[in-house]
Amino acid sequence: MRSRSLRPRNVAVTRPVAVAATLALAAVPLVGATTTASAAERVDNPFVGADQYVNSYWSENVVDAAAEAGGDLGQDMLAVADTPTSVWMDRTTAIAGNEDGPGLRHHLDAALEQQQGDTPLVFNLVIYNLPGRDCFALASQGLVPATPEGMEHYKTEYVDVIADMLAEPQYADLRVVATIEPDSLPNLVTNTSEPACQTAAPYYREGVAYTLDRLYEAGNVYSYIDAAHAGWLGWESNAGPAAQVFAEVVESTEHGYDTVTGFVTNTANSTPLREPFLDDVNFTSGTFVRQADFYEWNTDFDELDWTEHLYDEVTAAGFPSDIGMLIDTSRNGWGGPDRPTAESTSTDLNTYVDESRADRRNHRGAWCNPDGAGLGERPTVSPTDNAGSHLHAYVWVKPPGESDGNSEPVDNDQGKGFDRMCDPTYSEQDRLGGNLTGALPNAPVAGQWFQDQFEMLVANAYPPIDGGTVDPDTEAPTAPGNVEATGTTSTSVDLSWDASSDDTGVTRYTVLVDGETAGTSATTSHTLTGLTPSSTYEVTVTARDAAGNTSAASAPVTVTTDEATGGEDTQAPTVPTGLAAGDVTSSSVELTWDAASDDTGVAGYLVHRDGDEVADVSGTSATDSGLDAGTAYSYTVTAYDAAGNTSAASTALSVTTEEGGTTPAGDCTVDYSVNSWNSGFTGSFVVTNDSDAAIDGWELTFTFADGQTIDQIWSAQASQSGSAVTITPAAWSTTIAPGGSVTFGFNGSHSGTNTAPDDFALDGVACDIA
């Protein structure tokens, strides 16, 4: 599985405008539950029974934009002008107010004016000013440096000031929903090899933990930690470590899990809420949709996938089961003329995905001002699209129309640089697979109003804008009727059924065999293949519409394949021979075998470990990974043909993985760097396993040359006796894969001299020093 460092980007402040008129904007009741509760009462979902604050400053920008656009497009802009959006505190001066807009107190007082009677009001706020902010990109970097002095500024002049203001008694009845530091903790999962992220890592952890505590103590704040999006953390190799980082930071707070109400995903990004025509199913024998170039083996195609996946990961890591999810839908609608209206019929996997996907970006890593994006679902309370996502709301965290970053170099006093990901002429192999960025041209500095972008977002809105009212499609199609077998062979069944009805139209049917997905169809027929002769199966069919609503299953029908006859292919391939082990490590086994033969041709091979299928491949080799060190496993291989005939199993092969824990001399490398000040310093480590075997339960030792001491460590554990230091792993980093690395750091003290250690050893074996 390929892990990538994909990035959404955002700084959100509004442009200065000449206000021609004051909008009479009331708080907008949103789609969803209407049960009310006392505003002073702490609730599980702050959005339920509440209105939301409308930022009149953003709304005035929209009104100006509508006047500039004119016509039907301008009318559509006015229809969304009273949509709730978040207020961004993107630098310290934003608290009092600066040239880019009014300050926090202005907005809080305006929220009190909007509040209607006893109905609670949600005030959406973004905390975004960490030291070394956005360590991986340039477009939205900030002014606070990743230094101890920067950390002190962040705490006392930024977080404390905000928390104290929110805690003032006149604001006690507001429900403040805070998005906590977009992009920060996700960077600590995927971008630890970036020097700037290594430097910023301790400040991100300390800063987020401090913010969670102080906002919780304010009493009326519901904090949601930013959790990137499906195209950044969706891979298993990113999702699990991300949940561990989130848990570690929250567990370091004084008030623990009480400080967190949930997670917010897709902040300022355009990953679709749902991909209505794509599921991760078998595309052909042994090939899944996730293997397409666009998804790169990531099984999370959309934000409903990611939030469900994220919920499972964070609850497994220790978060409570009532944790909730928010999704930023401000720019992920992908409507307009390029939005597909049906599933592709192509038999080429990449063509099939490219023609079926709603996400029209060149690459999922393209985050900056993406061309073709549109407004997504309007803010909605307790959406019911996917129970497994545990959704609290759809929200507009990123105010539409505000730039992600400048497309050309622009001088500014906000610390924001020129990121080539915002340059439409730029392409990159690593993060974009050689594709162009697909960014809009003529973009201003991040956070400034971008008229071209807003016009595009409104024109491409999905659901479309209709006179200011939007009725999201939540009605599922009726169940397909009269499913029947219209023809059978010994290995196939032709099926047909009556069409389902739907208020917007059915786009796809899914055929299930014995409860498992066996195929999809855009019509009311389908042929099941690869079945076993003289066998009985239970078949059901479901219908799906363009909004992703899925019907109940049809009444089940029992189908039976014919007996095998001489004229049909019933001959199984020969048994694979020569099964042998190639490269064996402590966590993986490479297998090879001789090709089987068949009268019509071998279609593929199934690899079984201890009786369980672990691989389905078309060639004569496979690698089984994720194994335990020093453990014996038994492997067999079977061959199958296109008719579904399967050979007997090969002779079993027993393989024992290598013992873990010891690295040969010279096969580990330590990259150690420090950032010193007065009598303190931050030390950062990257320890790389240069051997061919995984290292399990590792121990790093070294000696400080000048009597330095470790005061606080993260992502590892430390013990110190005099100058001798022993580092052992955190719970999630006990294994270092071959060629892999672990990253950790600490704050320490020194007496004026801070010479770096030169005797690093991993499990007692000396390491090279980078």
Side-chain angles (χ1 to χ4, degrees), residues 8-21 23 25 54-86 100-101 139 268-272 328-339 358-362 366-379 396-408 410 422-424 436-470:
R9 286 290 165 266
N10 170 275
V11 174
V13 292
T14 50
R15 61 168 179 160
V17 294
V19 180
L23 296 177
L25 296 172
V54 175
N55 180 354
S56 63
Y57 197 72
W58 176 78
S59 298
E60 289 159 1
N61 282 342
V62 174
V63 171
D64 287 352
E68 182 174 336
D72 291 341
L73 182 60
Q75 290 301 310
D76 285 345
M77 291 177 179
L78 292 177
V80 298
D82 59 354
T83 304
T85 56
S86 291
D100 292 316
N269 201 259
S270 51
T271 304
D328 183 359
T329 58
S330 60
R331 302 190 309 171
N332 69 346
W334 293 105
D338 294 331
R339 182 180 178 87
D359 189 339
R360 305 314 301 165
R361 290 177 291 183
N362 296 337
W367 52 263
C368 191
N369 301 318
D371 192 5
L375 302 177
E377 293 278 0
R378 282 18 136 218
W396 281 12
V397 180
K398 166 75 171 183
E402 294 179 358
S403 174
D404 293 328
N406 39 295
S407 52
E408 297 178 355
V410 176
C422 301
D423 179 357
L436 290 169
T437 63
L440 288 173
N442 306 314
V445 169
Q448 300 302 304
W449 188 261
F450 189 6
Q451 179 75 14
D452 289 349
Q453 183 203 67
F454 189 62
E455 291 184 2
M456 173 194 70
L457 293 174
V458 174
N460 291 339
Y462 192 87
I465 299 168
D466 182 16
T469 61
V470 177

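All values below come from the heavy atoms of this structure, side chains included, with hydrogens, waters and symmetry mates left out.
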Partners passing salt bridge (charged side-chain N to carboxylate O under 4.0 Å, His left out) against D371 (at least two apart in sequence or in another chain): none

Over all atoms of both residues, closest heavy-atom pair of P400 and L457: CB-CD1, 3.9 Å

M77 vs E455 side-chain heavy atoms within contact, under 4.5 Å: yes

Under 3.5 Å: donor-acceptor pair, side chain of N362, backbone of T437: no

Residue pair S330 / V397, side-chain heavy-atom distance below 4.5 Å: no

Heavy-atom pair with the smallest gap, counting every atom of N269 and R361: OD1-NH1, 3.4 Å

Donor-acceptor contact present, side-chain R339 to main-chain G333, <3.5 Å: yes

Taking every non-hydrogen atom, the tightest pair across P441 and S407: C-OG, 3.8 Å

For P272 against W334, the heavy-atom pair lying closest together: CG-CD1, 3.9 Å

Plane angle bin for W396 and W58 - parallel if under 30°, tilted between 30 and 60°, otherwise perpendicular: perpendicular

Non-hydrogen atoms of L375 and I465 that approach each other most closely: CD1-CD1, 3.9 Å

Under 3.5 Å: donor-acceptor pair, side chain of D404, backbone of N369: yes

Exam field: side chain R331 to backbone A268, donor-acceptor pair closer than 3.5 Å: yes

Heavy-atom side-chain contact between Y57 and P399 under 4.5 Å: no

D76 side chain vs V458 backbone, donor-acceptor pair below 3.5 Å: no

Atom of A443, atom of S403 and distance for their closest heavy-atom approach: CB-OG, 4.0 Å

Point-to-point distance, once rounded to the nearest 0.5 Å, from OG of S56 to CG of D82: 12.0 Å

Within-4.5 Å side-chain heavy-atom neighbours: L440 and F450: yes

Flag side-chain contact, heavy atom, 4.5 Å: N406 against V445: yes

Passing candidate, side chain to side chain contact (heavy atoms under 4.5 Å, CB included) with T85, options V62, V54, V80, N55: N55

Flag for D100-Q448: side-chain donor and acceptor within less than 3.5 Å: yes

R360 (side chain) donor-acceptor with P370 (main chain) under 3.5 angstrom: no

